[in-house]
Amino acid sequence: MTGPLLEIEGLQKHFGGVVATDQVSLGVMRGEIHALIGPNGAGKTTLIAQISGSLAPDAGRILFGGADITRQPQHTRVAGGLARSYQITSIFKRFSVTQNLALAVQARSGTSFRFWQPVARETALEDEARAIAAQVGLGERVDAIAGSLAHAEQRSLEVGLALATNPKLLLLDEPMAGMGPDESQRMIGLIQALREKVSVLLVEHDMDAVFRLADRISVLVNGAIIATGTPDEIRVNPEVKRAYLGDEVSA
Amino acid sequence: MNRALVFGVLVLAVAFPLAMRSLDQVYYVTMASRFLIYALAATSLNLVLGYGGMISFGHAAFVGAGAYTASVMIVEGLPSAWLAWPLAMAVSGLLALAIGAISLRTRGVYFIMITLAFAQMIYYLTISMKAYGGDEGLTLTQRATVGFGLDLKDDITFYYVVLAILVAAVYLISRLVDARFGRVIQAIRENETRMEAIGYPAFRYKLAAFALAGALGGLAGALLANQNSYVNPGILHWTESGKLMIMVILGGVGQLYGGIIGAIGLLGLEELLANHKIGWLAAIYPNYQQHSLLAVGLALLAVVLYAPQGIAGLFSRRGRK
Amino acid sequence: MSFTLILEQSLNGLQFGLMLFLLAAGLTLVFGIMDMINLAHGSLYMIGAFLAATLVQATGSFTLGVLLAIPAAAVVGMALEITILRTLYARDHLSQVLATFALILIINEVVRMIWGSDMPLSAPEALSGPVQLVPGMPYSAYRLLIIGVGLAVAVLLYFVVTKTRIGMLVRAGASNREMALAMGVNIKRLFTLVFGFGAALCAIAGAMLGPIFAVQVGMGENILILAFVVIVIGGIGSIRGALVGSILVGMVDTMGRAFMPALLREVLTPAFASAAGPAIASILIYVLMAGVLFWRPQGLFPARG
């Protein structure tokens, strides 16, 4: 199935006098890994926040699967299959890995207004949580308290939480942030494996990862998209070179 | 805390009035009832404060609303507890629903302050209810009736009713915090942003917990009014909300028995200092009994500064080692 | 409702609002700079009033007594900051609320031990009578003095906060603590100083209002809540917000109490109006605060970006 899963039209966001998002239009196709790159402060995280629904844009539209979700609250978008991960790890530190992931599974499997049956006895939630833990490489660490995990493991859980919502589109905000080379390789493998079922909008500074994974790349500078294209097109785009990539690509 | 200990404490609580009656010290049963009622109020606050992480500075409003509802029912000639107490819970619960619906839109300090402001409103409303005593308060001619041959005028019977309600409420909360709902509100306390991002409308869960705690607070209020056969606006004063918070902190935030330990600890300390002359203290400062709140303040300060997990926290930390 | 009555009540509202401002200014700075909820702020107000009463008695002069009480209260405030409150800055709001609540209890009892439950403090003889402000409208000379003092302190505060180096640091701290730290400010000393300053303002308010209300244990508790309402309405950390909020709360509260019963009588039965009037009047400011927070959750003048 092809065609755009996510369409953004003329998105605008100001903070006081500062333009954070400047007439951004962007599409993510079904089954596509679309990378969003740009220098620090370009407004990538702000854009993710607007797409995911935690920040309201000043103007513009966001369409998901053809439906206008610009005014939908975040939890409704998540239920509809639009989930994000965070650049700065945001997990439930005092909960175990399984409990973390089971929470995300619970959110989409029936009401949580249940006051009597112990959630710990809901094996269906636990089983699914363990499966996701294994998928993100935490199969050995399911009973560990999330706050006690190593940095790279917390990053995996971070992505796992988004994955556990069973999304159609994943917004990954710098999933490799702070990871070593081996760990990055594993994350790249994970994202590769996801492309079968999930579309991805990937914000990432690791250019090696971006150019290996992305079907298309959009470049965001000062809140505006200056170019969108295949990795090869972006590599040779003079404007992109000038504004941002420069020596990083040639290196 | 382990089951054997809880069971042992429960046996003691059941045997207590019988022992006091044989010692001819029924006064202590009345006192214990008051402790247990505050334990219920503090436990209900612990649900929002401890498990939900919502620092509500207006819980006395819900206790007070329940107390007034139960009192007005008696004054108006409808003393049945089966009618008055659920109504008290409903009134307080709905009040909490309304106050929470507005307050929970704010964050941090603003939430603390807006809950306080709403509680002040209710406080002044009760002062203005001239038909029900205004700031003089309302004296009840009788306690509620429960049927089954039980007479709440009897202090020992009343104690057992209070104990049964407290046990039921604590059991309910123990189920709730381990159920789906409980895990959700604790996760919201831990990381609300992420809960939204994995698909939870956090506001609804917080509001539900807030309303439920309000209803339980209202039940405590209804019991308190019956215990004292009297109610006045003082029960809604902001310092009462502060006292309930103290109990929760003292006992242990987000600990199942925190509210009970805290209420008994604080009221016990007050009682000890105010009504029992302690030789060595009197030797240092003869008039110390007039200043019992000083010791309460010092104890509280010490707990906040040196034992932030509360008394229950001290136990559970030791237990884990 | 005659014009003179409205004028008189406006002056009362202004007078109360300005005194609230003295409390709220210190509170909002402590709140804004140290991110600290200090419920014991009302206790400093009480201490200020008791000190003033004592010193007025000792010196036989109202002016001298009050002037001496101000630095004395500042010393008490700074001592409190250095011994206890300082350790609370890094703690969460819940701990701060409880620790300073404990301080209220402690200070109440200590004051009771030293002074007893209350102290006499009356306005100076020369100002005890009324003055004719406009023909046919006598107004308390002492209340006029309070308005004068309040305005003078407000102007002084404005000058200190906007024109002096220390004021600049304070403002920087209120809007961005990291920046103040980065500028190499001796933040510890600045905090102590701000606290002492806040306590001095409390003492002025306590001493000036003492003759009107009463100098007694617990006097700080209700006005503290009003001061919190003020800074929440005004926006935490904002001096301008505190001023606007104070005048707003002072006016609404005073006017509500004066005119609400009469207004209600126009639309409701007299019996109901006289019962509901005072109640509605006393909750007006809380309605105001809830309304402000509903539409502007950060208050009218948010200090932080």
Side-chain angles (χ1 to χ4, degrees), chain A residues 48-49 52-55 72-86 88-96 99-122 125 146-147 157-158 160-167 170-171 173, chain B residues 44 47-48 50-53 93 97 104-105 107 168-213 215-216 253-256 308-309 313 316-317 320:
Chain A
I48 294 287
S52 65
S54 58
L55 187 68
Q72 264 185 12
Q74 184 167 19
H75 61 89
T76 315
R77 297 185 198 197
V78 178
L82 177 58
R84 70 167 293 184
S85 75
Y86 289 83
I88 297 161
T89 306
S90 177
I91 54 180
F92 304 96
K93 288 207 160 84
R94 286 195 229 173
F95 289 40
S96 75
Q99 285 171 339
N100 264 272
L101 296 168
L103 265 171
V105 177
Q106 181 185 321
R108 60 179 161 82
S109 36
T111 177
S112 285
F113 283 99
R114 289 190 200 160
F115 301 90
W116 202 252
Q117 290 308 321
V119 65
R121 280 200 220 133
E122 292 195 47
L125 296 183
L157 181 57
E158 172 65 45
L161 271 178
L163 203 54
T165 65
N166 205 9
L170 256 180
L171 310 170
D173 196 353
Chain B
S44 70
L47 184 61
V48 280
Y51 291 102
L97 198 66
L104 287 168
R105 289 170 198 280
R107 295 267 170 278
V170 170
Y171 181 62
L172 174 91
I173 290 178
S174 77
R175 294 296 302 223
L176 181 147
V177 297
D178 284 336
R180 278 187 167 209
F181 181 79
R183 187 173 283 181
V184 168
I185 61 166
Q186 290 173 81
I188 291 172
R189 174 191 66 192
E190 188 89 4
N191 188 344
E192 183 169 351
T193 310
R194 192 61 198 240
M195 283 300 274
E196 291 276 353
I198 58 175
Y200 289 95
F203 177 81
R204 278 179 222 165
Y205 293 96
K206 284 161 75 178
L207 185 57
F210 196 79
L212 189 63
L216 281 177
V253 180
Q255 309 267 358
L256 185 59
Q309 296 295 309
S316 61
R317 211 176 308 156
R320 237 177 267 149

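Throughout, a chain's letter reflects where its sequence line sits, starting with A, and its residues are numbered from 1.
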Cut-off 4.5 Å, heavy atoms of chain B, and the answer for A:S90 is both
Measuring heavy-atom distances to chain A, does B:A208 have an atom under 4.5 Å in its side chain, in its backbone, in both, or in neither?
side chain
For each of B:L176, B:N191, B:D178, B:L212, tally heavy-atom pairs with chain A at distances under 4.5 Å, and name the one with the top tally.
B:N191
Hey, does the side chain of B:Y200 reach the backbone of A:H75 with a donor-acceptor pair shorter than 3.5 angstrom?
no
Considering only heavy atoms and a distance below 4.5 Å, find which of A:T111, A:T165, A:L103 pairs most often with chain B.
A:L103
I need the B:R194 CZ to A:L161 CG distance, nearest 0.5 Å.
4.5 Å
Name every donor-acceptor pair, under 3.5 Å, that has one atom in a side chain of residues 114-122 of chain A and the other anywhere in the protein, sequence neighbours excluded.
{"unit_1": "A:E122", "atom_1": "OE1", "unit_2": "B:R180", "atom_2": "NE", "d": "3.2"}
{"unit_1": "A:E122", "atom_1": "OE1", "unit_2": "B:R180", "atom_2": "NH2", "d": "3.0"}
{"unit_1": "A:E122", "atom_1": "OE2", "unit_2": "B:R180", "atom_2": "NE", "d": "2.9"}

Counting only non-hydrogen atoms closer than 4.5 Å, does A:T76 touch chain B with its backbone (N, CA, C, O), its side chain (CB onward), both, or neither?
neither
Run the side chain to side chain contact (heavy atoms under 4.5 Å, CB included) check on B:E196 and A:V78 step by step: do they pass?
CA-CA 9 Å; B:E196 291 276 353; A:V78 178; over 6 Å; no
Which atoms of A:A164 approach chain B - backbone, side chain, both or neither, heavy atom under 4.5 Å:
neither
Examine whether an atom of A:A104 lies under 4.5 Å from a heavy atom of chain B, and if so say whether it belongs to the side chain, the backbone or both; otherwise answer neither.
both
Option that, when pairs with chain A are counted at under 4.5 Å, heavy atom only, ranks first among B:G199, B:G182, B:A202
B:G199
I would like to know whether A:S112 and B:F181 meet side chain to side chain contact (heavy atoms under 4.5 Å, CB included); could you show each step before the answer?
CA-CA 5 Å; A:S112 285; B:F181 181 79; over 6 Å; no
How many angstroms lie between NZ in A:K93 and CD in B:E190, if you round to the nearest 0.5 Å?
9.0 Å
Non-hydrogen side-chain atoms of A:S54 and B:T193 separated by less than 4.5 Å
no
Spacing of CZ belonging to A:F92 relative to CD belonging to B:Q186, to within rounding of 0.5 Å
12.0 Å
Name all residues meeting the side chain to side chain contact (heavy atoms under 4.5 Å, CB included) criterion together with B:L97; count only those two or more places apart in sequence or in a different chain, and write none if there are none.
B:L94, B:L207, B:A211
Go through the steps for A:R108 and B:I198 under the test side chain to side chain contact (heavy atoms under 4.5 Å, CB included), then give the verdict.
CA-CA 9 Å; A:R108 60 179 161 82; B:I198 58 175; over 6 Å; no
Using non-hydrogen atoms and a 4.5 Å limit, figure out which bit of A:L125 sits close to chain B: side chain, backbone, both or neither.
side chain
